[in-house]
Amino acid sequence: MNNKKSQYPQMTYKQAVKCLLQQVDQIRADGLDLLTTDWGAAVGVSDQLVYPLDMQEWISAPRYPDIYAIRYYAGVVDHDHTDRVSWEKLLELIDKL
């Protein structure tokens with residue numbers, strides 16, 4: 001049986017950073033007030049962020065702690081879009097890339 005994760009296209013670190021920087025622009029354009037109150041808007045943004053990161057086999061805490069932490073907070077906001085503190089932390093982490 002094939003591992004579905006391994007069938008997902010793998011990005012390089014540089015490609016992942018580029019994707020994250022594009023996503024942070026979308027998050028800021030939508031605004032945290034909208035994303036923490038509008039389930040539909042939040043799900044669209046958080047799914048686009050978390051799913052590709054979850055599929056990257058190379059992301060691990062020891063090797064890429066920055067991307068690993070971003071993936072963690074992306075998962076948090078994907079599960080609870082009302083968590084403004086986690087959205088803010090996510091933005092902060094992406095800005096540090």
Side-chain angles (χ1 to χ4, degrees):
M1 181 171 212
N2 289 332
N3 179 351
K4 290 193 189 259
K5 200 178 228 187
S6 67
Q7 295 175 6
Y8 194 85
Q10 297 297 294
M11 294 184 266
T12 64
Y13 180 88
K14 190 175 182 177
Q15 289 170 325
V17 169
K18 182 179 178 183
C19 178
L20 289 167
L21 293 175
Q22 291 170 343
Q23 291 298 319
V24 81
D25 289 342
Q26 181 64 47
I27 293 167
R28 286 202 170 95
D30 288 344
L32 293 184
D33 289 339
L34 174 68
L35 294 175
T36 56
T37 59
D38 184 325
W39 183 83
V43 167
V45 171
S46 64
D47 280 354
Q48 289 176 12
L49 185 62
V50 75
Y51 185 73
L53 290 177
D54 276 347
M55 296 298 106
Q56 302 308 304
E57 296 174 354
W58 53 269
I59 296 175
S60 67
R63 290 187 68 204
Y64 300 100
D66 53 352
I67 300 273
Y68 188 85
I70 290 167
R71 183 173 70 180
Y72 170 79
Y73 281 99
V76 170
V77 299
D78 194 46
H79 291 277
D80 179 8
H81 70 275
T82 65
D83 185 348
R84 187 179 192 94
V85 172
S86 291
W87 280 106
E88 290 169 349
K89 183 65 176 178
L90 182 61
L91 292 172
E92 175 187 325
L93 291 168
I94 295 171
D95 286 340
K96 289 181 180 179
L97 293 175

Can you check whether Tyr72 reaches Leu93 side chain to side chain, under 4.5 Å on heavy atoms? no
Any donor-acceptor pair under 3.5 Å from Glu57 side chain to Met55 backbone: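 Checked: no pair found.
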For [X], which residues count as a side-chain hydrogen bond (donor to acceptor under 3.5 Å, both in side chains) partner, sequence neighbours excluded?
{"X": "Asp83", "result": "Ser86"}
{"X": "Arg28", "result": "Asp95"}
{"X": "Gln26", "result": "Asp30"}
{"X": "Ser60", "result": "none"}

Give the other cluster members for Met11, using side-chain heavy-atom distances under 4.5 Å between Ile, Leu, Val, Met, Phe, Trp and Tyr residues; answer none if it is isolated. none
I need the [X] [atom1] to [Y] [atom2] distance, nearest 0.5 Å.
{"X": "Leu91", "Y": "Lys96", "atom1": "CG", "atom2": "NZ", "result": "12.5 Å"}
{"X": "Leu97", "Y": "Ile70", "atom1": "CG", "atom2": "CD1", "result": "4.0 Å"}
{"X": "Leu49", "Y": "Ile94", "atom1": "CG", "atom2": "CD1", "result": "5.5 Å"}

Which heavy atom in Arg71 sits nearest to a heavy atom in Asp54, and how many Å separate them? CD-OD1, 3.2 Å
Can you name the closest pair of heavy atoms from Trp87 and His81 and give their distance?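 What the structure gives for the nearest pair is NE1-O, 2.8 Å.
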Answer yes if Leu90 and Val50 sit in the same cluster of Ile, Leu, Val, Met, Phe, Trp and Tyr residues linked by side chain heavy atoms under 4.5 Å apart, and no otherwise.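 No, Leu90 and Val50 fall in different hydrophobic clusters.
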List for me each residue that meets ring-ring contact (aromatic ring centres under 6.0 Å, His included) alongside Tyr68, sequence neighbours excluded, and say none if there are none. none
Do any side-chain atoms of residues 32-42 form donor-acceptor pairs under 3.5 angstrom with protein atoms, and if so which ones, sequence neighbours left out?
| residue | atom | partner | partner atom | Å |
| --- | --- | --- | --- | --- |
| Asp33 | OD1 | Arg84 | NH1 | 3.0 |
| Asp33 | OD1 | Arg84 | NH2 | 3.4 |
| Thr36 | OG1 | Leu32 | O | 2.7 |
| Thr36 | OG1 | Asp33 | O | 3.4 |
| Thr37 | OG1 | Asp33 | O | 2.7 |
| Thr37 | OG1 | Leu34 | O | 3.3 |
| Asp38 | OD1 | Gly40 | N | 3.0 |
| Asp38 | OD1 | Ala41 | N | 3.0 |

Can I get a per-line list of side-chain donor-acceptor pairs under 3.5 Å for residues 14-22, giving both atom names and the distance, sequence neighbours left out?
| residue | atom | partner | partner atom | Å |
| --- | --- | --- | --- | --- |
| Gln15 | OE1 | Thr12 | N | 2.7 |
| Gln15 | OE1 | Thr12 | OG1 | 3.4 |

Would you please name every residue forming a side chain to side chain contact (heavy atoms under 4.5 Å, CB included) with Tyr64, sequence neighbours left out?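 Tyr64 satisfies side chain to side chain contact (heavy atoms under 4.5 Å, CB included) with Tyr13, Trp58, Asp66, Ile67 only.
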Which pairs pass salt bridge (Lys or Arg N to Asp or Glu O under 4.0 Å) with one or both residues in residues 43-53, sequence neighbours excluded? none
